[in-house]
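Step one of this worksheet: look at the structure below.
No experiment lies behind these values; they were computed from the predicted model shown. Residue numbering restarts at 1 for every chain, and letters A, B, ... go by the order of the sequence lines.
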Amino acid sequence: MLSFPELQVQERAIARRPTAFPYIPGLLSFREVPTVLAALERLKTLPDLLLCDGQGIAHPRRFGIACHIGWLTDLPAIGVGKSRLVGQHAEVPEHKGDWTPLQHQGETIGAVLRTRATTKPLFISPGHRISLETAIEYVMRCTTKYRLPETTRHAHKLASEISAAQLEAELESQQMTLEL
DNA sequence: GCGACAG
DNA sequence: ATCTTGTCGC
């Protein structure tokens with residue numbers, strides 16, 4: 001969890017669970033929501049806004065993981081996808097901050113946003129209690145010099161730190177076994 | 001039937 | 001997502 005607009009780490013929480021559902025495009029929530037909720041419950045303070053790794057309403061049934069998490073927690077949530085699930089869009093202009101609407105079946109479901117020049121754009125869509133315009137604004141203000149917002153970058157870093165630590169622990173126990 | 005398909 | 005070495009561009 002980061003402060004806004006300073007983007008300084010305020011608190012960290014993590015949860016690890018066995019995979020209980022396969023990855024199926026369109027059904028990502030069933031695989032990841034339980035663990036995300038477990039991590040959120042471990043925070044002492046709840047966030048005022050969630051930037052979720054995946055789609056909001058830019059989903060076949062307009063209910064991606066950001067909608068799911070936002071609905072269950074009643075927290076404002078934004079879908080920040082690294083690639084497209086559904087919808088079509090025009091070529092996105094080349095400069096940071098430029099964006100093009102993402103449309104599907106006659107409606108605008110999100111924005112294809114250039115958070116950094118010369119890199120693939122991000123797929124932004126409302127998840128819960130936020131408009132597309134406001135969502136784009138927050139994503140930009142949470143982004144510095146990289147393609148992904150700082151929130152997502154910190155989350156990935158924490159997750160990899162933990163898995164690396166657990167891998168080391170496993171190797172340690174294997175060494176113990178060999179020595180016996 | 002064929003192609004597409006968040007993480 | 002993960003595997004996986006070097007490498008191309010800002």
Side-chain angles (χ1 to χ4, degrees), chain A residues 14-40 49-73 76-128 130 132 135-136 138-139 142-168 170-171:
Chain A
I14 194 166
R16 190 187 182 91
R17 296 286 185 280
T19 299
F21 198 86
Y23 166 66
I24 299 174
L27 302 181
L28 178 65
S29 293
F30 296 96
R31 178 186 177 84
E32 308 199 338
V33 165
T35 309
V36 170
L37 292 181
L40 280 175
L49 172 67
L50 300 174
L51 298 209
C52 306
D53 201 333
Q55 314 297 332
I57 63 171
H59 177 278
R61 288 171 293 292
R62 305 288 180 270
F63 209 72
I65 191 167
C67 301
H68 218 132
I69 295 173
W71 172 255
L72 294 174
T73 62
I78 301 172
V80 182
K82 297 183 292 299
S83 61
R84 185 192 66 90
L85 175 57
V86 293
Q88 34 282 147
H89 64 88
E91 182 72 26
V92 188
E94 62 183 318
H95 298 299
K96 178 174 183 176
D98 288 345
W99 61 276
T100 308
L102 176 64
Q103 308 185 298
H104 183 53
Q105 296 176 167
E107 40 187 351
T108 294
I109 58 175
V112 189
L113 176 66
R114 196 131 253 159
T115 51
R116 176 183 177 167
T118 74
T119 57
K120 293 189 303 178
L122 255 32
F123 292 76
I124 310 305
S125 59
H128 189 63
I130 195 167
L132 175 59
I136 292 173
Y138 274 112
V139 170
C142 286
T143 301
T144 59
K145 59 180 295 191
Y146 302 97
R147 179 168 86 117
L148 298 177
E150 290 302 297
T151 43
T152 304
R153 299 185 67 247
H154 273 99
H156 285 337
K157 183 171 63 172
L158 176 57
S160 49
E161 285 174 2
I162 299 299
S163 42
Q166 299 205 341
L167 177 58
E168 288 183 43
E170 289 172 29
L171 291 175

Dump the pairs, protein N or O against N or O of nucleotides 2-5 of chain B, anything under 3.5 Å, distances to one decimal.
from: B/dC5; atom 1: OP1; to: A/R84; atom 2: NH2; distance (Å): 2.5

Under 3.5 Å, which N/O atoms of the protein pair with N/O atoms of nucleotides 3-10 of chain C?
none

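In this pair, A/F63 and A/H68 present their aromatic rings tilted. The plane angle is within the 30 to 60° band. Taking the six-membered ring for Trp and thresholds of 30 and 60 degrees, A/W71 and A/H128 have ring planes more than 60 degrees apart, a perpendicular arrangement.
Residue A/K82 places no side-chain N or O under 4.0 Å from the OP1 or OP2 atom of B/dA6.
Taking atom CG of A/L28 as the reference point, atom P of B/dA6 lies 9 Å away to the nearest angstrom. Going from atom CD1 of A/I57 over to atom P of B/dA6 covers 18 Å, rounded to whole Å. Atom-to-atom, CZ of A/F21 to C1' of B/dG7 comes out at 13 Å; the value is rounded to the nearest Å. Nucleotide B/dG7 holds its P atom 15 Å from the CG atom of A/L51, rounded to whole Å. For the pair A/Q88 CD and B/dA6 P, the interatomic distance rounds to 15 Å; values are reported in whole Å. The nearest whole Å value for the distance from the CZ atom in A/F30 to the C1' atom in B/dA6 is 14 Å. Atom CD1 in A/I78 sits roughly 16 Å away from atom C1' in B/dA6 (whole-Å rounding). Atoms CD (A/E32) and P (C/dA1) sit 9 Å apart, rounded to a whole Å.
A distance of 11.0 Å separates NE2 of A/H89 from CD of A/Q103, quoted to the nearest 0.5 Å.
For CD of A/Q88, the number of neighbouring non-hydrogen atoms (other residues, nucleotides, ligands) closer than 6.0 Å is greater than 12.
Using a 4.0 Å heavy-atom cutoff across all strands shown, A/L122 reaches no nucleic acid atom at all. A/G81 comes within contact range of the sugar-phosphate backbone alone, with a heavy-atom separation under 4.0 Å but no base atom that close. At the heavy-atom level, A/G26 lies under 4.0 Å from base atoms of the strands shown.
In this structure, the side chain of A/R114 engages the main chain of A/T119 through a donor-acceptor pair within 3.5 Å. Counting only distance, with no hydrogens or angles, the side chain of A/Q55 and the backbone of A/C67 share no donor-acceptor pair below 3.5 Å.
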Dot-bracket pairing map - DNA chain B, Watson-Crick plus G-U, both contacts under 3.5 Å, | cross-strand: .......

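When all heavy atoms are compared, the tightest approach of A/K96 to A/T115 is CE-O, 3.3 Å. Closest approach of A/K82 and A/F123 over heavy atoms only: C-CD1, 4.2 Å. Contact detail for A/V112 and A/P121: the closest heavy-atom pair is CG1-CG, 3.5 Å. Heavy atoms only, all atoms of each residue included: A/A66 and A/A77 are closest at O-CB, 3.4 Å.
Looking only at side-chain heavy atoms (C-beta outward), A/S125 and A/L102 stay at 4.5 Å or farther from each other.
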Checking side chain to side chain contact (heavy atoms under 4.5 Å, CB included) for the pair A/Y138/A/I130: CA distance, chi angles, key distance, verdict? CA-CA 10 Å; A/Y138 274 112; A/I130 195 167; 4.1 Å; yes

